[in-house]
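As the structure lists them, so they are numbered: ligands from 1, and atoms in each ligand from 1. Atom set for the values below is all heavy atoms of this structure, side chains included, hydrogens, waters and symmetry mates excluded.
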Amino acid sequence: MSENISGKTDVNKLGEFGLIDHLTKEFTTNLPTTIKGIGDDAAVIDHGDHVSVVSTDMLVEGIHFDLMYTPLKHLGYKSIVVNISDIYAMNATPQQVTMSIAISSKYSVEALEELYAGVFLACKDYGVDLIGGDTTSSPKGMAISVTAIGRADAKEVVFRSGAKPGDILCVTGNLGAAYLGLQILEREKQIYLSNPGTQPDLENEEYIIGRQLKPMAQKAAVDYFKEKKFQPTAMIDVSDGLASDLFHICKQSGVGAFVEEGKVPLHPDTERMALKFNLDPITCALNGGEDYELLFTIDEKDLEMVKYMPGVFIIGEIIPAQDGIKLHTTGGNIHDLKAQGWNHFKDESNNPKDN
Ligand code: ADP
Ligand code: MG
């Protein structure tokens, strides 16, 4: 492994997923109650008559959020939502959360009350109980770590690894908006910093900015699977962009995928704003992130079920691994789909996307 000037290895060499693999490769799970350890949206623990599903995410000021444009109430709300999104991605029902905060002295009690007003609202909206956490000081800024715990029947749990050729690839909603919301907020921040008298120009951008600041977890989809008594063969939440998250499903399932560009859902505001930023809207959907939609695969026999599923889009199909991961463009070409991915340890301020 290459080393830096001090003879130590730079974490950039590995990237986020490489680093996790490197640090955890010696760990095997030994307990029969550990059904799934590292490597999915959440771990799965056996309790006999049911399973618990557990996921943790950390949000760090200056990396995942910027309080210049993130209201603390929204931040509290989002910190819960991004965690329970991982619970839904296992086809489980979130039930409890713990919340740990590290705060510097710049935060007042009133500021933290705002943060917790958002936490309270999210707990209410998704029917979860806040059951604990930890509070400590930080030399600078704020860090928030949330653990979410969910429940499911063992046979209901959906892993990233169950997709097979012939399955239908679906997503619960439009993609790319949250990334563009971040671009708008960053743009306005830069304008404000260079001319502090200016008011932000956020008019007509409520939808896109809302997708960034106040994401939703896809409870309705999981409720629908339970109500209609069918389930995906594989599922993941889209936190890092369609390409990267589809790669996780393909890698863990040992399959390829064929995505129809024209079927990838884009909100009209996303298309309009992407063009304003000189970006291809499909690139925002593929490589943006923080959409917190569910990407899932369905056995062909359940096609009818998914056809009538509210808000769901069929965007492609699963193919054999040797056929690769392909994008059929609206121009009629077939490209290899690249999970550009982001190197989370580089240029971190622009990539708040490693949840
Ligand atoms: P997600 O994007 O769904 O939140 P991550 O990409 O953060 O998932 O994590 C992938 C997997 O690696 C998960 O199973 C997670 O629990 C595990 N993981 C991440 N960081 C660590 C770590 N520092 N030590 C052990 N496991 C980790
Ligand atoms: Mg996830």
Inter-residue atom distance [X].[atom1] - [Y].[atom2], 0.5 Å rounding:
{"X": "L213", "Y": "K73", "atom1": "CG", "atom2": "NZ", "result": "13.5 Å"}
{"X": "L182", "Y": "Q212", "atom1": "CG", "atom2": "CD", "result": "4.5 Å"}
{"X": "D291", "Y": "T172", "atom1": "CG", "atom2": "OG1", "result": "9.0 Å"}

Next item on the list: Answer yes or no: is there a side-chain heavy-atom contact under 4.5 Å between I298 and L303?
Entry: no
Margin query: Could you check whether any side-chain heavy atom of L72 comes within less than 4.5 Å of a side-chain heavy atom of M142, counting everything from C-beta outward?
Written below: yes
Next item on the list: Apply the test salt bridge (charged side-chain N to carboxylate O under 4.0 Å, His left out) to residues D245 and R160: give CA-CA distance (whole Å), side-chain angles for both, the deciding distance (0.1 Å), then the verdict.
Entry: CA-CA 10 Å; D245 291 314; R160 294 175 177 178; 5.6 Å; no
Closest approach to the Mg ion (ligand 2) by [X], given as the N, O or S atom name:
{"X": "D41", "value": "OD1"}
{"X": "D237", "value": "OD1"}
{"X": "D86", "value": "OD1"}

Check: Would you say D245 has an N, O or S atom lying under 2.8 Å from the Mg ion (ligand 2)?
Finding: no
Next item on the list: Examine the proximity of ligand 1 to D240 and report which part, side chain or backbone, both or neither, has a heavy atom under 4.0 Å away.
Entry: neither
Next item on the list: Give the ring-plane orientation class for Y88 versus Y126, where under 30° counts as parallel, over 60° as perpendicular and anything between as tilted.
Entry: tilted
Next item on the list: Indicate the ring-plane relationship of Y207 and H267, choosing parallel, tilted or perpendicular according to the 30° and 60° boundaries.
Entry: parallel
Close-contact set for ligand 1 against [X] heavy atoms, below 4.0 Å:
{"X": "D40", "answer": "13 (C), 14 (O)"}
{"X": "E16", "answer": "6 (O), 7 (O)"}
{"X": "I20", "answer": "12 (O), 18 (N), 19 (C), 20 (N), 27 (C)"}
{"X": "S239", "answer": "2 (O)"}
{"X": "F17", "answer": "6 (O)"}

Check: So is there a nitrogen or oxygen of D86 less than 3.5 Å from a nitrogen or oxygen in ligand 1?
Finding: yes
Margin query: Pairs of nitrogen or oxygen atoms closer than 3.5 Å, one from G39 and one from ligand 1: do any exist?
Written below: yes
Notebook entry, point to check: Can you find a non-hydrogen atom of R160 under 4.0 Å from ligand 1?
Noted result: yes
Note to self: Can you confirm if the NZ or CZ of K78 lies within 45° of the ring axis of F65 and under 6.0 Å from the centre of its six-membered ring?
What the structure shows: no
